[in-house]
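Letters go in sequence order (proteins before strands), and every chain restarts at 1.
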Amino acid sequence: MIDQLNPEQKAAVTLPPQHALVLAGAGSGKTRVLTTRMAWLIQTGQASPYGLLAVTFTNKSAREMLARLSALLPLDTRGMWVGTFHGLCNRLLRAHHRDANLPQTFQILDTADQLSAIKRLIKGAGIDDEKYPPRDVQRFINGAKEEGLRPDVVPANDPHHRRLVEIYSMYQAQCEREGVVDFPELLLRAYELLQRNGPVREHYQRRFRHILVDEFQDTNTLQYKWLRLLAGGGACVFAVGDDDQSIYAFRGANVGNMSEFERDYAHGAVIRLEQNYRSHGHILDAANALIAHNSARLGKNLWTAQGEGEPVRVIEQPSDLMEAQWVVDEIKALINDGSLRHEIAVLYRSNAQSRVIEHTLFSSGVPYKVYGGLRFFERQEIKHALAYLRLMDNPHDDTSWLRVVNFPTRGIGARTLEQLADLARERGTSLYGAVPYMSGKGGSNLAKFAELIAGMAHEAQILSLPELIEHVIHHSGLRAHYQAEKEGAERLENLQELINAATVFCVEENIEGLPAGLLIERALSTAAVSNVSGAGIPASQTSGSQAFDSQTSDSQTPDSQELGSQAVLGTAAALPEVELAMSPLAAFLSHASLEAGDNQAQPGQDAVQLMTVHAAKGLEFDSVFITGLEEGLFPHENSLLEAAGLEEERRLMYVAITRARERLYLTLSQSRMLHGQTRYAMRSRFLDEIPEQHLKWLSPREASTLPSEAWGQANWRRSDAYGRPPTGGIAPRAPRSVTSGVTVGDKHFRIGQSVSHAKFGEGIIIGLSGAGQDSQAQIQFRDVGTKTLALGVAKLEINP
DNA sequence: GTGTCGTCCTTTTTT
DNA sequence: AGGACGACAC
C-alpha cells in the first residue's frame, strides 16, 4: 500500500497519531496521500472505519475518496463518515433534529430557493428592495452565518447595517416557521448543536479519533471552528491543502486557516509534498516563477523528475475571433497528431469568453463540451417537480408552495395569493395553513390545490419513490403542460430522467420498493466509540429526546446494513444510535439539494473540454490553452481593487498553468468584444512574470509587445514608464504599441499612449473600450492612480 | 393569465 | 451583445 510512495508521502501517511498539516503542491499526490492515510490507519488497527471522519468540499471528491479507499481495502464504506461539510452536517442534524430544534422533515434551500425566500420576505415586509437588493441581503446573511454569527451578535454600526441585521433576523424567523434550512445554516446549526449539547458533542468527539480534511485552504471561518470543536476531544486532525491554490476567498474561504492551524494545533507535523508527477519541466518552472511573485505564502517549490519538455507557447492575436481561430486550428493539429480530444482543455477567466471559442469549435466541427452551465437539479422543470414532492413532506414550505401553487396554471392569481399571504401573516401560519380561511373563487381553487397536495401525500404512503414521482408529474399537470409547450420535449425528458435518478437513488440506498413516505430508522453502531474510549453514551442521551412518532418505531423493517460494522469491530454490545430516521422521499430531497448534479468534467468523453479556470481546479490534461491573458481580464479588473485580489488572481493563474501535463499554450488578444463594446487591453502582467527561457513566442513580438527592442527586455521588466520598480500592485509598466486604437475627433488614442489631463496630470492609457465619442479610456496617472475617462468628454492632450 | 417590451447587469462557484 | 427579470398591456 505504501511501497510506491515517495519519502514525503510515506512520512505523511504513516505519521503517528498527531495533528498534521500537509502542504501538498499541485500534482503531488494529495488525494492519494489522504486516502492512503485512511487505509493505513484502518489496516494497522489504529482506527476503525467508523472512528474516522473525512471531509471535502465537493461530492465528487468525496466519492473519489471512497472509491480509492475501497480499492485499497476490502471495506464496506457505507456508514463511514466521509462526505462534504454540508452532507455531514445534514447527517448530524437529521440524527439529532430535536436537539437541533429542527422539524424531522426539515428541508434544504439551495441558493436560488434562498434568494426567492428573501425576495418574498422583503416584499412581504414592505422593505425597499432598491435600498436592500435581495442579492446583497443574501450575501450579508450568508456572510454572517459563515462567520458563525447570529443576528444578535452581528456587528452593525450604522443604520443600514442595523436594518440588514433586522432583515437577517426576520429571515431566520421565516425559515424556522417554514421548517427550512439554507446551506450555511446546515453548518451553523451543526456547530451550535455540538457547542451547546454536551452529550452530543462528547459522543462525536469520542467517536472520531481521526479527522481528515481535504482542500483545507478552502475552509471558511465557521468550517474551521466546526473542525476545532469536533477535534476538541483529542482527535488528530490531518489537514491537506495548498495555500497557492486558494482561489475561493470571494466566497468566504480563509487561507489564513492554514497558518491558524499551525498555531492552534501546536506540536503538529508539517509535511511538504513538493514532487510534482504531472507537468513537464518548463510548465512547472513557469508556475513556480509566477507564484513566487506572491508575498503571503507558506512556501513551497515544486520539482519534477520528468524532463524539461516543451516550452510554453505564447501567441497574441489582433482580435478575440482570431485568437479563438488560432486555438481551434492548433487543437485540430493536435488531434491530427494523435491527441485525444478530452485531453485538451481550453480555459478562460470568465464565462463570457467561452462563446466565441464555442462558436469557432462548432464551425470547425470539433466536438467540445462546456462545463459550468445549469445543473440537473437546478432546471426549472425539475425544481417544479421537487417542489410538489417537498410539499408532500412539509406543506408549510411556503417557497415550494408559491413555486407551484399556480404552475401549471389553475386559476390562482396574484390577487388571491396576496389575500392568502395577508391571512397567513395575521394568523401566523403558513400559506397552506391559511387556505381554510379563504373564501370566494380563489379560495375554492386554493382548497382544490391543497387537496391535490394532500392526495399526493397519501399516495406517498403507498407508492415507491419512482412511482410517486411519476404520479406527481402526471397529476400535477406538469406532463400535460410541457407536452403542450413547443419547447417542452427536453423538459419532459428531464422529468423522465428525474424518475430514473430516483430509481438509481433507491438502489444505492437499498430502499427499493419501500413506500416513499415511510419513515425508516437505521441504527448505526456506536461501537467505534466504545472501542476506542471504552465508554459509550447511552443512546437516550445522544439522540436526545428523540421519541419517534409511534408509527415510525414499530412498523419498520429495521435496516440492518450497518450490522457489518459490529462484526468488524467485534463488539457485541453496540449502543444503538439513531443514524437516520427519514423517508425515502425526504432522503431523496436532501440528496437533490446537496448534490445538484454533475457539473464537473468527467474523463472519457471524446470532446475538447471548455471551462473556467476555477472549474479546472483538481483536473489535469495533456494540453491546456489558457486564453485571454490580458490586463483587466486575467488578472480581472475587479480584483485589482484590493491588494489581496491580485494575489488571488495569480494563484488562479498558477492553478491554470499546473493543469497541463505536456503542452501549455498562453493566448491573448489585442481587442475583445465585451459587454457589446470592443475593448483593447495590454497583455497580462502574468506573462511578464514568467521567465523568458520557458516561453516560446509564436506571434511576432514586435507586433504587440515591445515598441522597439531598444527598450530592452531587462529594462522594461524592471521598471515602469516612470522608472519606478514594479513592486507588485498596479503600477504601470512600459508602454507598448498595439495595432489598433480609438479615434475621437482628430485624436487617435492607443494603448500605452502617454497623455496629459488638465487636472490629473500625466498618465498612460492602459485600457480602451468602445468607439468614437462613446469610447472610454482607462488611464494610469502618475500621481492620482487609475481613472476611467470618457474620451468624448475629457480633454486629453497626447504627449509626444 | 399570457405575451411583449424595456431595463438591468455582466468574475470566479460549491453546497 | 445577450440573457434574465419585471412591468405593463391584451
Which part of the nucleic acid does [X] contact within heavy-atom distance under 4.0 Å: base, sugar-phosphate only, or nothing?
| X | answer |
| --- | --- |
| A:L88 | nothing |
| A:D218 | nothing |
| A:Y248 | sugar-phosphate |
| A:F183 | base |

Does anything in residues 131-139 of chain A come within less than 4.0 Å of DNA chain B? Heavy atoms only, and list the residues if so.
none
Taking only N and O in the side chain of A:T612, is any of them less than 4.0 Å away from OP1 or OP2 of B:dT13?
yes
Return the value, rounded to whole Å, for the distance between atom CG of A:D110 and atom C1' of B:dT14.
11 Å
A:F216 CZ to B:dT14 P, in whole Å, measures 21 Å
For A:Q174 and A:A117, work out which heavy atoms get closest and say how close.
NE2-O, 3.2 Å
Could I get a table of every N or O pair under 3.5 Å where one atom is in the protein and the other is in nucleotides 2-11 of chain B?
unit_1: B:dT2; atom_1: OP1; unit_2: A:T409; atom_2: OG1; d: 3.3
unit_1: B:dT11; atom_1: O4'; unit_2: A:H636; atom_2: NE2; d: 3.3
unit_1: B:dT11; atom_1: O2; unit_2: A:R349; atom_2: NH1; d: 3.2
unit_1: B:dT11; atom_1: O2; unit_2: A:R349; atom_2: NH2; d: 2.1

Measure the distance between the ring centre of A:F85 and the centre of the six-membered base ring of B:dT15, then answer whether it is under 5.5 Å with planes under 30°.
no
Output one letter per nucleotide in nucleotides 2-10 of chain C: B when a protein non-hydrogen atom lies under 4.0 Å from the base, S when only the sugar-phosphate is that close, - when neither is.
S---S----
Less than 4.0 Å between a side-chain N and a carboxylate O, is that true for A:R251 and A:E146?
no
Do A:R355 and A:E358 meet the salt-bridge criterion of a basic N to acidic O distance under 4.0 Å?
no
